[in-house]
Enquirer: 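If you scroll down you'll find the structure; I have some questions about it.
All values below come from the heavy atoms of this structure, side chains included, with hydrogens, waters and symmetry mates left out. Quick note on labels: first sequence line is chain A, next is B, and so on, each numbered from 1.
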Amino acid sequence: MPLGAAGEAFIITNSSEEIDLSLEDDLLEQRLARIRELEALGYRPYGNRFEFTHTIPEILAQYSSKTAEELNPQVRVRIAGRVQTIRRMGKAGFAHLLQNGERLQIYVKKDAVGERDFALYQMLDLGDIVGAEGYLFRTRTGELSVHVEHLEHLAKTLLSMPEKWHGLEDVEIRYRQRYLDLIANPESRRVFLTRAKIIASFRRQLESRGFIEVETPMMQPLYGGAAARPFTTHHNTLDIDLYLRIAPELYLKRLVVGGLERVYEINRNFRNEGLSTQHNPEFTMLEFYQAYTDYRGLMDFSSELLRQVAIDATGGTEVEYEGCKLDFGRLERYSMREAVVAFWKGGGRPTHEQVCDPQWLLAQSSKSTPGEALTEIFENVVEEQLIQPTIIYDYPVETSPLSKNKPEDPAFVERFEIYAAGMEIGNAYTELNDPQEQRRRFEMQLAMRQRGDEEAHQMDEDYVRALSYGMPPTGGEGIGIDRLTMILTGARSIRDVILFPLLRPEGPIGLAERLRNLEGR
RNA sequence: GGGCGCGUAGCUCAAUUGGCAGAGCAACUGACUCUUAAUCAGUAGGUUGAAGGUUCGAUUCCUUCCGCGCUCACCA
């Protein structure tokens with residue numbers, strides 16, 4: 001396109017529409033007008049494929065240490081990114097392009113890029129996505145930059161970006177419009193990269209030990225494997241109600257029966273409960289099952305897994321959370337009864353004999369069985385004090401319908417939970433594999449259900465049938481990925497580690513209507 | 001669901017005892033060919049979350065509602 005024509009188009013658009021714009025003062029309208037200016041210059045407001053030579057992080061990794069002299073002979077690059085800052089000075093100027101969380105400065109000089117590309121540079125808005133071609137150099141102040149010789153437009157921003165040095169702080173917008181959070185807050189980006197590293201580390205470690213990854217039903221005709229209320233949905237053709245799973249446990253153990261002796265699944269569970277800083281209705285669990293081991297074996301395995309995950313995610317075994325230094329290098333271990341004695345607050349610390357005495361336990365609690373009383377005391381007294389990563393083992397049978405009894409103490413089961421930062425992050429046990437005992441446990445749960453306990457298990461007869469074919473002795477464990485991610489990233493709320501946490505739907509946005517009204521004007 | 005707190009320009013935040021709704025950034029116009037929170041001159045931008053009420057007068061006080069956060073209960 002001849003330069004004169006382009007310039008003319010630019011000027012005409014300005015003079016004819018400027019008055020309307022200033023009267024309306026609508027950013028959208030300004031931006032849509034700018035799209036027409038871009039098109040008049042022969043640019044596409046939403047470009048297509050762009051061949052780049054480097055990503056911005058690649059350039060920074062390769063050339064950050066190079067001096068001006070070492071950038072000679074010229075290093076030619078083609079890069080793309082989102083415009084993060086613009087500093088215009090008449091017939092030249094700078095901008096920072098942001099890509100994959102890192103930024104690189106470009107220098108655009110009219111003499112170097114020509115009239116048309118310089119007109120494009122002058123029209124850029126913060127948030128536009130552009131491609132640039134040129135060579136690397138260092139500015140007078142020493143910043144590695146691209147001396148641009150050609151500029152290309154790849155995508156237009158119609159809405160204004162978050163403010164540049166405070167970033168985006170409104171938590172509601174950060175959760176609802178996570179894309180803005182990811183653009184504006186490097187810390188948020190880092191959290192989700194760390195989350196991905198945590199999951200990758202678990203996968204790598206489990207694969208290397210011969211575990212295979214499987215997917216089991218999310219929609220289940222019977223829900224089980226945990227104590228929780230489910231979400232209900234409906235399948236039209238079969239005309240049946242289905243439940244979103246509260247846990248994959250019963251399916252994974254069917255697979256162990258079937259000879260998949262080491263299986264794991266990393267996926268969502270859904271529990272129809274309240275929301276809090278530690279609870280989202282859908283959350284991600286790792287569950288794994290290993291035949292021929294028991295909860296003692298899993299304690300050792302868990303310690304290794306968590307230690308390595310901490311290293312893979314953060315570079316070391318120590319992390320700081322809420323001002324406390326947590327060490328994943330080793331997990332402390334207490335039985336539940338030991339923990340009640342050890343973490344007792346104030347006077348009247350019980351003896352070991354007392355925490356084993358049903359009469360003493362019942363006297364401390366409103367619960368009707370010694371086991372439930374012990375659990376209640378533990379939760380009230382101990383849980384919040386378990387800051388260091390800690391294993392608590394040997395749980396009362398009443399609260400554990402799927403765990404195997406301790407042979408020497410049938411009122412307790414071979415179960416442990418992992419705590420850190422006062423939160424439960426893991427739950428594991430020696431799986432109950434006696435179908436007759438499992439049938440009795442389900443019937444106990446049914447009785448609790450009839451007394452009004454909505455969270456008690458239903459009878460899963462196919463599961464009993466599976467066990468009746470024989471399940472090898474097996475250890476199984478679940479680890480809450482969201483909470484572990486909170487701890488390893490220093491997040492206060494589970495919503496900070498879930499990309500799109502559940503929120504109430506927002507009201508009408510009104511953008512579609514505004515765009516419709518502005519179309520073709 | 002209960003309790004406490006917050007909601008002001010696109011973003012981050014002010015506004016004295018109830019007395020003319022403001023600033024910075026972003027936007028718009030102009031100047032500027034090595035800036036980096038660029039600078040300089042100017043312009044525009046508001047149903048103060050919504051609806052009622054008290055008052056001569058409400059961002060401010062009261063009521064209800066909406067949204068978010070914290071917390072308690074339930075849960076992992």
Enquirer: Indicate yes or no: does Glu513(A) engage Arg516(A) in a salt bridge with an N to O separation below 4.0 Å.
Expert: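 A salt bridge is absent here (no side-chain N lies under 4.0 Å from a carboxylate O).
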Enquirer: Taking N and O atoms by type only, does the side chain of Glu143(A) place a donor or acceptor under 3.5 Å from a partner on the base of U35(B)?
Expert: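 Answer no: no donor N or O sits under 3.5 Å from an acceptor.
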Enquirer: Mind checking Gly93(A) for me? I need base, sugar-phosphate or nothing, with any heavy atom below 4.0 Å counting as a touch.
Expert: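 Since no nucleic acid heavy atom lies under 4.0 Å of Gly93(A), the category is nothing.
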Enquirer: Of the options C70(B), G67(B), C34(B), whose atoms approach the side-chain atoms of Thr277(A) most closely?
Expert: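 Nearest nucleotide to the side chain: C70(B).
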Enquirer: To the nearest Å, how far apart are Ile183(A) CD1 and G10(B) P?
Expert: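 Those two atoms, CD1 and P, are 19 Å apart.
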Enquirer: Within this structure, what is the CD-to-P distance between Gln122(A) and U35(B), rounded to whole angstrom?
Expert: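 Atom-to-atom, Gln122(A) to U35(B), this comes out as 19 Å.
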Enquirer: Could you work out the separation of U48(B) and G18(B) based on their C1' atoms and round it to a whole Å?
Expert: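 Roughly 15 Å separates the two C1' atoms.
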Enquirer: Remember a base hit wins even if backbone is also touched, and classify Arg229(A) as base, sugar-phosphate or nothing at under 4.0 Å, heavy atoms.
Expert: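 Result for Arg229(A) = nothing.
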Enquirer: How far does the C1' atom of C62(B) sit from the matching atom of A21(B), given to the nearest Å?
Expert: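 It comes out at 22 Å once rounded to the nearest Å.
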Enquirer: Quick one: which of C13(B), C34(B), C28(B) gets closest to the side chain of Asp125(A)?
Expert: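 Nearest nucleotide to the side chain: C28(B).
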Enquirer: Rounding to a whole Å, what distance do you find between Ile86(A):CD1 and A27(B):C1'?
Expert: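 Atom CD1 in Ile86(A) sits about 12 Å away from atom C1' in A27(B).
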Enquirer: Of the listed nucleotides (C74(B), U35(B), A26(B)), which one gets closest to any side-chain atom of Ser160(A)?
Expert: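 Nearest listed nucleotide: A26(B).
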Enquirer: Answer with base, sugar-phosphate or nothing: what part of the nucleic acid does Asn272(A) contact at a heavy-atom distance below 4.0 Å?
Expert: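 Nothing, no nucleic acid heavy atom in range.
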Enquirer: Would you please name every residue forming a ring pair (Phe, Tyr, Trp, His ring centres under 6.0 Å) with Phe270(A), sequence neighbours left out?
Expert: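 For Phe270(A) there are no ring pair (Phe, Tyr, Trp, His ring centres under 6.0 Å) partners, ignoring immediate neighbours.
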Enquirer: Side-chain contact test, heavy atoms from C-beta onward, threshold under 4.5 Å: evaluate it for Glu133(A) versus Glu152(A) and give yes or no.
Expert: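 Result no, sub-4.5 Å side-chain heavy-atom pair not found.
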Enquirer: To the nearest Å, give me how far apart CG (Asn380(A)) and P (C72(B)) are.
Expert: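 Rounding to the nearest Å, CG of Asn380(A) and P of C72(B) are 12 Å apart.
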Enquirer: Please evaluate the base of G24(B) for a donor-acceptor partner in the side chain of Glu163(A) within a cut-off of under 3.5 Å?
Expert: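 When only heavy-atom distances are counted, Glu163(A) does reach the base of G24(B) through a donor-acceptor pair under 3.5 Å.
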Enquirer: I need the CG-P distance between Leu503(A) and G7(B), as an integer number of Å.
Expert: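 Roughly 19 Å, once rounded to whole Å.
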Enquirer: More than 12 non-hydrogen atoms from neighbouring residues, nucleotides or ligands closer than 6.0 Å to CZ on Arg203(A), yes or no?
Expert: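 Atom CZ in Arg203(A) is packed in, count exceeds 12.
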Enquirer: Closest to the Ala92(A) side chain: A76(B), C34(B), U33(B)?
Expert: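 Of A76(B), C34(B), U33(B), U33(B) is nearest to the side chain of Ala92(A).
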Enquirer: When the C1' atoms of A9(B) and G45(B) are compared, how many Å lie between them, rounded to an integer?
Expert: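 About 6 Å, rounded to a whole number of Å.
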Enquirer: Of all the nucleotides listed (A76(B), U33(B), A27(B)), which has the minimum atom distance to the side chain of Asp111(A)?
Expert: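 For the Asp111(A) side chain, the nearest candidate turns out to be U33(B).
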Enquirer: Roughly, in whole Å, what's the span from NZ in Lys110(A) to C1' in C34(B)?
Expert: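 So the two atoms are 18 Å apart, to the nearest Å.
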Enquirer: How far does the C1' atom of C4(B) sit from the matching atom of U16(B), given to the nearest Å?
Expert: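 Taking atom C1' in both C4(B) and U16(B), they lie 26 Å apart.
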Enquirer: May I ask you to say what Phe118(A) touches in the nucleic acid, namely base, sugar-phosphate or nothing, with a heavy-atom cut-off under 4.0 Å?
Expert: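 Nothing: the residue Phe118(A), judged by heavy atoms under 4.0 Å, touches no strand.
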Enquirer: Is any side-chain heavy atom of Glu477(A) closer than 4.5 Å to a side-chain heavy atom of Leu286(A)?
Expert: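 No; the side chains remain at least 4.5 Å from each other.
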Enquirer: Check the phosphate of C68(B) against Arg504(A), side-chain N and O only, distance under 4.0 Å to OP1 or OP2. Yes or no?
Expert: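 Yes, Arg504(A) has a side-chain N/O under 4.0 Å of OP1/OP2 on C68(B).
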Enquirer: Side chain of Ile173(A) only, heavy atoms from C-beta on: which candidate in A26(B), C11(B), U33(B) is closest?
Expert: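 Out of A26(B), C11(B), U33(B), the nucleotide with an atom closest to Ile173(A)'s side chain is C11(B).
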Enquirer: Check every strand shown and say whether Ala184(A) touches a base, only sugar-phosphate, or nothing at a heavy-atom separation below 4.0 Å.
Expert: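 Contact class for Ala184(A): none.
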Enquirer: Base, sugar-phosphate alone, or nothing: which one does Gly480(A) contact when heavy atoms must sit under 4.0 Å apart?
Expert: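 The answer is nothing, as Gly480(A) stays clear of every strand by at least 4.0 Å.
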Enquirer: Quick check on RNA chain B: between Pro505(A) and Arg103(A), whose nearest nucleotide comes earlier from the 5' end?
Expert: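 With Pro505(A) and Arg103(A) compared, the 5'-side residue is Arg103(A).
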Enquirer: Looking at Arg87(A), does any N or O in its side chain come under 4.0 Å of the phosphate oxygens OP1/OP2 on A38(B)?
Expert: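 It does, given that an N or O in the side chain of Arg87(A) lies less than 4.0 Å from OP1 or OP2 of A38(B).
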Enquirer: Answer yes or no: does a side-chain N or O of Arg176(A) lie under 4.0 Å from OP1 or OP2 of C68(B)?
Expert: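 For C68(B), OP1/OP2 do have a side-chain N/O of Arg176(A) under 4.0 Å.
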Enquirer: How about Leu28(A) and Leu515(A): do any of their side-chain heavy atoms sit closer than 4.5 Å?
Expert: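 Yes; the side chains approach each other to less than 4.5 Å.
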Enquirer: For residues 375-400 of chain A, pull every pair meeting salt bridge (Lys or Arg N to Asp or Glu O under 4.0 Å), keeping only residues two or more places apart or in separate chains.
Expert: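 Matches after skipping sequence neighbours: Lys345(A)-Glu384(A), Asp394(A)-Lys406(A).
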Enquirer: Nearest to the side chain of Lys91(A), which nucleotide is it out of C70(B), U33(B), G67(B)?
Expert: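 Among C70(B), U33(B), G67(B), the one nearest the side chain of Lys91(A) is U33(B).
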Enquirer: Name the nucleic acid region contacted by Arg138(A), choosing base, sugar-phosphate or nothing; use a 4.0 angstrom heavy-atom cut-off, strictly under.
Expert: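 Nothing, no nucleic acid heavy atom in range.
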Enquirer: Looking at the side chain of Glu169(A), which of A27(B), U12(B), A76(B) is the nearest nucleotide?
Expert: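 From the listed options, U12(B) comes nearest.
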Enquirer: Using the P atoms only, state how far U8(B) lies from U47(B), rounded to an integer number of Å.
Expert: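 Rounded to whole Å, the distance is 12 Å.
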Enquirer: Within a radius of less than 6.0 Å around CZ of Arg492(A), do more than 12 heavy atoms belonging to other residues, nucleotides or ligands occur?
Expert: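 No, because the 6.0 Å sphere around CZ of Arg492(A) holds 12 heavy atoms or fewer from other groups.
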Enquirer: Flag the pair Ile418(A) / Ser302(A) as yes when at least one side-chain heavy-atom distance between them is below 4.5 Å, and no otherwise.
Expert: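 A side-chain contact exists here, since the closest heavy-atom pair is under 4.5 Å.
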Enquirer: Once Watson-Crick and G-U wobble pairs under 3.5 Å are found, how is RNA chain B written in dot-bracket notation, 5' to 3', with | for any base paired to another strand?
Expert: (((((((..((((.....[..)))).(((((.......))))).....(((((..]....))))))))))))....
Enquirer: Say we look at A38(B) and U33(B): how far apart would their C1' atoms be, to the nearest angstrom?
Expert: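 Per the computed distance, 14 Å lies between those C1' atoms.
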Enquirer: Any Lys/Arg nitrogen of Lys91(A) or Asp111(A) sitting under 4.0 Å from an Asp/Glu carboxylate oxygen of the other?
Expert: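 No.
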Enquirer: Between A27(B) and U64(B), how far apart are the two P atoms, rounded to whole Å?
Expert: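 These two P atoms come out 43 Å apart once rounded.
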Enquirer: Take atom P in U29(B) and the same atom in C20(B), then report the distance between them in whole Å.
Expert: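 Each nucleotide's P atom is 34 Å from the other's.
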Enquirer: When we call it a touch if two heavy atoms are under 4.0 Å apart, what does Gln105(A) touch: a base, just sugar-phosphate, or nothing?
Expert: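 Base, at least one base heavy atom under 4.0 Å.
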Enquirer: How many Å lie between CZ on Phe94(A) and C1' on U39(B), as a whole number?
Expert: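 In whole Å, U39(B) C1' lies 14 Å from Phe94(A) CZ.
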Enquirer: Roughly, in whole Å, what's the span from CZ in Phe283(A) to C1' in A76(B)?
Expert: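 These atoms are roughly 5 Å apart.
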Enquirer: Cation-pi between Arg116(A) and Tyr43(A): NZ/CZ under 6.0 Å from ring centre and within 45° of the ring axis?
Expert: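 The answer is yes; both the distance and angle limits are met.
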Enquirer: Would one find a side-chain N or O of Arg483(A) under 4.0 angstrom from OP1 or OP2 of A76(B)?
Expert: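 Answer no for this pair, as no side-chain N or O of Arg483(A) is under 4.0 Å from OP1 or OP2.
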